[in-house]
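Below is a structure I'd like to ask you about.
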Amino acid sequence: MDGYRKFLFGVAMLLACLGCGQESSTTTSPSTQAPVGSVFQLHGDTMGVRWNVTTIGLNGDLAKLTVALQDAVGQVDEHMSTYKPDSEISRFGMAPANQDFAVSADTAFVVQEAQRISALTKGAFDATVMPLVDLWGFGPAETSPTAPTKEQIAEALSRCGYSNLAFSEEDPRVMVKTTAGLRLDLSAIAKGYGVDAMCAVLDAANHENYLVEVGGELRVKGVSIDGTPWRIGIDTPRDMTLLGTQLQGAIEVGGIAIATSGDYRNYRELNGKRISHIIDPRTGYPVNHGLASVSILAPTCLEADALATACMVLGPEQAMALIERLDGIEIFLIVREGEEFLERKSAGFPEIETL
Ligand code: ADP
Ligand code: MG
């Protein structure tokens, strides 16, 4: 496999902020480089995961900032959750076909971005995949202990397809489904958007140096505590390993978002076979091609998040070809081959420092 480098251990990748985890604000530790200010670490819960913000040189009211951050990411969850029956996305799922459905500006933006990424990836990413996600046991619906039949898959597929969703030309906040039973799942893009929404809060409050993370998807700005670039930990991946507990390496980044999608943490077993939570919306089946993990660097976390999932669907060769074509976006992927894991990255992906 050309261009791949062999790893000693089974490796998949997750991202964690090195040094995160302190409960309250701290001051700079002594450093040979000039400290840029005090470091503050804020936390909360959203979308079934934890959010973490590290900001440096805070200027203002910490409690007020925490509330503003929680409100920003909480609103994403309120509007876009598939687990909340009264979210905009859940109500849209219940709405009949060919009927205008008005949503908030943030939901409209995220769905329009989802549609753009679907077109870019020729349907590898598809937010209308919800009926298939439920059928394979990864959605809010009751999980069946047996694999779905071909007929069930065909029926669910008939209710999917991003081309069956349109926006009104008069009002960009009005969407309409052209197929009955079409439902949206923004799970592969909303966490990334939540990160971006929190970054907007920090930008509005003039924060220059920060790291924002929601469930492993993250974005950084400026520099870290001692004025050096942010270092992002890369997990040594073992099945079900907790985020950030075993680090394999680290990269240094600035002013960028990074998201990882993989098949080693969220999966179930059916008839002794591992079933990935990432579904190929073109076939109706979970992905199954040896790609263990994809990490994407992008200007926004929304793009990084969605493209990471899309690349898991595309597989290593097509994923690499797609990302090489896109300006300002880089990829790191890990492929299973027998007992070994092979890694490959695009030309602009940072050097991975072994820890
Ligand atoms: P995670 O949410 O576990 O971090 P991802 O960001 O890759 O992982 O999102 C995976 C989730 O997205 C799945 O659990 C499912 O709800 C949804 N999904 C699965 N396949 C697709 C797909 N091809 N396009 C868009 N969303 C998908
Ligand atoms: Mg994703």
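First listed ligand is number 1; within each ligand, the first listed atom is number 1.
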Query raised in the report: So is A124 close enough to ligand 1, meaning a heavy atom under 4.0 angstrom away?
Result: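 In this structure, A124 qualifies as a contact of ligand 1 - some heavy atom is under 4.0 Å.
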**Report entry** Within-4.5 Å side-chain heavy-atom neighbours: V76 and L186
**Finding:**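 No, their side chains stay 4.5 Å or more apart.
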Query raised in the report: Do S346 and E330 have side-chain atoms, one donor and one acceptor, less than 3.5 Å apart?
Result: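 The answer is yes; a qualifying pair exists.
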Requested in this report: Taking only heavy atoms of V133 into account, list the atoms of ligand 1 that are under 4.0 Å away from them.
Outcome: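 Checking each atom against V133, I get 15 (C), 16 (O).
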Report task. Output yes when the distance from some N or O of ligand 1 to some N or O of D126 is under 3.5 Å, and no in every other case. Result ->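 Looking only at distances, the answer is yes, because the N/O contact criterion of under 3.5 Å is met.
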Query raised in the report: Just wondering, are more than 12 heavy atoms of other shown residues or ligands nearer than 6.0 Å to CD in E269?
Result: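 Enclosed: over 12 neighbouring heavy atoms sit under 6.0 Å from CD of E269.
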Query raised in the report: Judged by non-hydrogen atoms, does F125 sit under 4.0 Å from ligand 1?
Result: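 Judged by the 4.0 Å heavy-atom criterion, F125 does count as contacting ligand 1.
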Query raised in the report: Side chains of L65 and V53: does their closest heavy-atom pair fall under 4.5 Å?
Result: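 Sidechains of V53 and L65: no contact.
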Requested in this report: Walk me through it: do T66 and F40 pass the test side chain to side chain contact (heavy atoms under 4.5 Å, CB included)?
Outcome: CA-CA 11 Å; T66 307; F40 297 87; over 6 Å; no
Query raised in the report: Counting heavy atoms only, which part of I189 comes closer than 4.0 Å to ligand 1: side chain, backbone, both or neither?
Result: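 Neither; no heavy atom under 4.0 Å.
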Query raised in the report: With only distance considered, is A127 within less than 3.5 Å of ligand 1 through an N or O on each side?
Result: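 Between A127 and ligand 1 (N or O atoms, distance only) the closest approach is not under 3.5 Å.
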Report task. Give the numbers and elements of all ligand 1 atoms closer than 4.0 Å to a heavy atom of D305. Result ->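 Listed by number with element: 6 (O).
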**Report entry** Stepwise side chain to side chain contact (heavy atoms under 4.5 Å, CB included) test for D45 and R50
**Finding:** CA-CA 4 Å; D45 296 308; R50 196 101 172 113; 3.1 Å; yes
Report task. Select the closest option to atom 11 (C) of ligand 1 among A308, S187, A306, judged by heavy-atom distance. Result ->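 Among A308, S187, A306, the closest heavy atom to atom 11 (C) of ligand 1 comes from S187.
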Query raised in the report: Does the side chain of K273 come within less than 4.5 Å of N288's, by heavy atoms?
Result: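 A side-chain contact under 4.5 Å exists here.
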Query raised in the report: Hey, is ligand 1 close enough to S261 that some N/O pair sits below 3.5 Å?
Result: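 N/O-N/O distance under 3.5 Å: yes.
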**Report entry** Distance filter under 4.0 Å to P281 heavy atoms, resulting ligand 1 atoms
**Finding:**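 Listed by number with element: 23 (N).
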Query raised in the report: Relative to the heavy atoms of K191, which atoms of ligand 1 are at a distance of less than 4.0 Å?
Result: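 Within the 4.0 Å cut-off of K191, ligand 1 contributes 1 (P), 2 (O), 4 (O).
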Query raised in the report: Can you name the one residue among I232, T55, V253 that meets side-chain contact (heavy atoms from CB on, under 4.5 Å) with L211?
Result: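 With L211 as partner, I232, T55, V253 yield a single side-chain contact (heavy atoms from CB on, under 4.5 Å), made by I232.
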**Report entry** Minimum heavy-atom distance A124-A310, with the two atoms named
**Finding:**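 In this case the closest contact between A124 and A310 is CB-O, 3.8 Å.
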**Report entry** ligand 1 versus A259: contacting region, heavy-atom distance under 4.0 Å
**Finding:**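 Answer for A259: neither.
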Requested in this report: Would you mind running through ligand 1 and noting each atom that sits below 4.0 Å from a heavy atom of D185?
Outcome: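 Checking each atom against D185, I get 15 (C), 16 (O), 17 (C).
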Query raised in the report: Side chains of L184 and M175: does their closest heavy-atom pair fall under 4.5 Å?
Result: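 Touching, per the 4.5 Å side-chain cut-off.
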Report task. Consider ligand 1: state whether an atom of it lies below 4.0 angstrom from any non-hydrogen atom of E217. Result ->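 Heavy atoms of E217 do come under 4.0 Å of ligand 1.
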**Report entry** Contact atoms of ligand 1, heavy-atom distance to V313 under 4.0 Å
**Finding:**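 Checking each atom against V313, I get 23 (N).
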Query - Candidate with minimal heavy-atom separation from atom 23 (N) of ligand 1, of V49, T309, I279, V129 - result: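 Shortest heavy-atom distance from atom 23 (N) of ligand 1: I279.
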